[in-house]
Protein chains: 2
Amino acid sequence: MSNDRPLFFQVMQYADRADGDVINMVSGSPDWEPPAALREGLVEYAGGKPETFQYQPSEGLTKLRAEIADRRGVDLEQVVVTNGGAEANYLAMAAALERSRGSEVLLTDPVYPYYPQKAEILGGVPEYVATDADGSLDPAQVRDAATQETAAIVVTTPNNPSGAVYDEATMRELVAIAEDVDAILVSDEVYDHFDYSGTFASALAVDSEHRIVTNSFSKSLAITGFRVGYAVVPDALVDPVKTRHMLVNVAGSRPAQYAVLQALQGTETEYYRENRERMHARIEAFTDGLERAGAEYTIPDGGFYVLARFPDFPGTLANVEQLIDDTGVAGMPGEAFGSARDEWLRFALLSPRVEEAADRLAEYF
Amino acid sequence: MSNDRPLFFQVMQYADRADGDVINMVSGSPDWEPPAALREGLVEYAGGKPETFQYQPSEGLTKLRAEIADRRGVDLEQVVVTNGGAEANYLAMAAALERSRGSEVLLTDPVYPYYPQKAEILGGVPEYVATDADGSLDPAQVRDAATQETAAIVVTTPNNPSGAVYDEATMRELVAIAEDVDAILVSDEVYDHFDYSGTFASALAVDSEHRIVTNSFSKSLAITGFRVGYAVVPDALVDPVKTRHMLVNVAGSRPAQYAVLQALQGTETEYYRENRERMHARIEAFTDGLERAGAEYTIPDGGFYVLARFPDFPGTLANVEQLIDDTGVAGMPGEAFGSARDEWLRFALLSPRVEEAADRLAEYF
């Protein structure tokens with residue numbers, strides 16, 4: 001239930017070393033083009049005056065923060081630009097735990113594997129709330145689990161790995177629970193541009209001093225290597241978030257932030273729509289193949305991932321490696337994501353060859 | 001003794017808002033050109049394939065790590081590329097404290113203002129060792145202060161703000177003390193390219209499991225905004241350092257790391273020599289002016305900063321603001337750097353107008 005990094009790397013390494021042609025469905029990196037305006041922004045940045053190569057404000061380029069604040073309908077002062085969504089989540093959990101209103105961090109099962117360890121290095125104690133078979137989260141279960149010891153409730157929507165998308169009623173209730181037990185809801189919405197259900201609702205829809213929303217441009221602009229994310233933080237937590245950000249990182253990387261700003265301003269909605277529709281089409285193609293393979297599978301409402309369960313083939317590292325050897329299809333063991341999906345495998349649909357992968361699986365099983 | 005961020009910003013803001021022409025000697029950002037190869041590297045990066053915009057290894061681009069390992073004469077595996085020197089110091093202190101061999105973090109007075117708070121957010125307790133009047137550090141004082149409760153000994157050489165450069169005998173003794181009390185020496189060497197004394201010795205000169213060296217390219221390549229630094233970590237601490245780096249940041253920013261790699265490979269030693277000689281000439285010009293002003297002052301052996309004490313003019317924020325109003329010269333209050341220099345002001349010589357600044361000070365005092 002803790003660190004999937006070794007597991008993730010073990011799978012990646014195994015796939016790299018395998019003989020034959022492997023279709024990589026392990027990592028969450030988009031395989032499509034970043035926006036042209038992003039490339040142009042980097043080139044423009046490279047020609048700037050020497051002072052533009054120096055420290056920017058710790059909380060991020062002011063124009064980028066303003067662009068984010070404008071798009072999200074929040075105050076500029078509430079936006080802190082971070083070194084990717086990872087740092088945003090780290091800062092959010094830290095701010096929640098530093099309030100000294102308990103040390104428990106409520107997570108869902110299945111869980112994004114970095115959350116538990118992030119909580120632990122901050123002195124937090126992870127606790128898990130089960131989700132329904134289809135991945136949806138029943139807020140009543142969260143309410144049952146939340147106590148005065150709860151510092152944070154951390155959710156991902158659209159969800160990795162389940163593909164669940166939480167609707168507005170769910171988000172409202174999650175914020176209400178955080179308010180009732182004096183905790184902070186941390187809503188990680190990094191897949192928000194990949195909602196196929198039309199029901200996605202950001203926690204920003206609910207005005208509250210008890211919620212932090214984290215996000216990044218890694219997925220929406222296809223730049224996981226740039227490390228540009230952000231947190232939207234209630235007024236009372238802006239100072240602690242900024243202080244820790246400054247102490248740990250001073251700031252994010254300026255060329256990356258500049259390029260993201262240019263990309264936001266110079267990219268049509270068409271770009272986002274195309275990427276979303278491509279993913280949606282891949283989901284259909286892949287799950288069609290899983291149907292032929294006789295597998296149980298999820299049809300995600302959002303995000304990049306499909307979970308599949310094959311008969312007598314639990315989601316262990318050994319089975320993942322066997323699948324690479326026998327079919328050349330590399331997924332992630334479900335056991336990396338908690339106990340709820342340890343019978344399953346996770347496939348990231350970030351390859352143009354998902355249909356071929358499904359065919360291979362159908363033939364194999 | 002804690003956070004200088006508000007103080008630093010108060011001064012910057014005050015200088016920005018002041019009427020008239022202010023010579024900014026507050027921030028540590030180089031005012032000269034980054035290498036041409038760095039700009040070219042960014043442009044080259046901007047034209048890369050989509051996969052080069054995605055996740056790189058958490059510990060940094062392998063070619064960049066190899067270049068650093070080669071230059072520093074250490075194993076590739078010991079090099080972790082970080083989000084600037086700031087993150088490297090954070091990770092180093094965390095690794096020292098996580099060994100559970102005590103919770104004290106020995107710092108020098110004067111101190112770089114971020115160290116105490118960095119220690120504190122990690123559960124460390126800062127303790128201070130006095131330095132001599134000329135800024136030099138007597139290792140015997142460190143030995144007196146080090147106990148079984150000491151987790152880390154953190155030094156900066158060349159020093160900010162004192163300008164002291166520790167020689168090889170000092171570094172050897174500091175490592176020996178760390179070994180004797182089972183602590184970790186953290187040697188922050190971010191100004192290593194700016195040694196005017198010829199006596200600088202990296203802690204890497206001493207092979208030991210008890211020292212971490214941190215550095216960054218912010219000063220040597222004039223790119224404080226890029227956030228590319230590194231830690232050289234003994235074998236036993238590589239895993240904890242990598243794990244925390246991954247949990248907090250996943251990785252540093254790839255375009256910045258790529259550009260730094262190109263800059264390292266494509267920049268002649270002439271570039272570094274010119275920058276060092278320019279700084280050295282500024283120190284002479286500025287201290288000549290301080291002499292005429294009747295001030296006491298340091299002549300730094302390394303780094304960017306000169307400390308000055310004027311008669312009946314202690315290093316308070318109020319006096320710094322008065323100096324901005326009356327002379328248009330902006331420095332930092334010495335009280336930001338601990339108790340040892342609270343009668344002094346710090347001037348960063350990162351302006352082509354240091355001679356003019358000195359003239360203004362000479363005229364005023």
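Just so it is clear: chains get the letters A, B, ... in the order the sequence lines come, proteins before strands, and each one is counted from 1.
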Is there a donor-acceptor pair under 3.5 Å between the side chain of A/Thr224 and the backbone N or O of A/Ser29? no
Evaluate the side-chain proximity of A/Arg65 to A/Glu77: yes if any heavy-atom separation is below 4.5 Å, no if none is. yes
Largest heavy-atom contact set with chain B, pairs under 4.5 Å, which of A/Gly85, A/Pro255, A/Gly252, A/Ala256: A/Pro255
Using a strict 4.0 Å threshold on nitrogen-to-oxygen distance, state whether A/Glu87 and A/Arg244 make a salt bridge. no
If only atom types and distance count, is the side chain of A/Arg278 paired as donor or acceptor with the main-chain N or O of A/Pro352 below 3.5 Å? no
Quick one: of A/Arg227, A/Arg254, A/Gln54, who has the most non-hydrogen atom pairs under 4.5 Å with chain B? A/Gln54
Under 6.0 Å between the ring centres of A/Phe304 and A/Phe194? yes
Residues of residues 88-95 of chain B near chain A, each having a heavy atom less than 4.5 Å away: B/Tyr90
Specify the closest pair of heavy atoms between B/Val22 and B/Ala330, including all atoms of both residues, with the distance to one decimal. CG1-CB, 3.9 Å
For B/Lys219, is it the side chain, the backbone, both or neither that has a heavy atom under 4.5 Å from a heavy atom of chain A? side chain
Which of residues 43-51 of chain A get closer than 4.5 angstrom to chain B, counting heavy atoms alone? A/Val43, A/Tyr45, A/Ala46, A/Gly47, A/Gly48, A/Lys49, A/Pro50
Applying side chain to side chain donor-acceptor pair (under 3.5 Å) to B/Asn24 and not counting sequence neighbours gives none
Do you know which of A/Val228, A/Leu42, A/Leu221, A/Thr82 has the most heavy-atom pairs under 4.5 Å to chain B? A/Leu42
Most heavy-atom pairs under 4.5 angstrom with chain B, which of A/Gly41, A/Gly229, A/Pro34, A/Gly123? A/Pro34
Determine yes or no for a side-chain-to-main-chain donor-acceptor pair under 3.5 angstrom, with B/Ser58 supplying the side chain and B/Val250 the backbone. yes
A/Leu237 backbone acceptor or donor facing A/Asp235 side chain under 3.5 Å: no
A/Pro113 and A/Ala336 have their tightest heavy-atom pair at CG-O, 3.5 Å
Is a salt bridge present between A/Asp31 and A/Arg282, judged by a nitrogen-to-oxygen distance below 4.0 Å? yes
Residue pairs passing the ring-ring contact (aromatic ring centres under 6.0 Å, His included) test with at least one member in residues 235-255 of chain B, sequence neighbours excluded, are none
So which atom in A/Pro161 and which in A/Arg346 form the shortest heavy-atom distance, rounded to 0.1 Å? CB-CD, 3.7 Å
Counting heavy-atom pairs under 4.5 Å to chain B, which of A/Gly28, A/Ala251, A/Ser27, A/Gly84 comes out on top? A/Ala251
For B/Leu38, which atoms come within 4.5 Å of any heavy atom of chain A: side chain, backbone, both, or neither? side chain
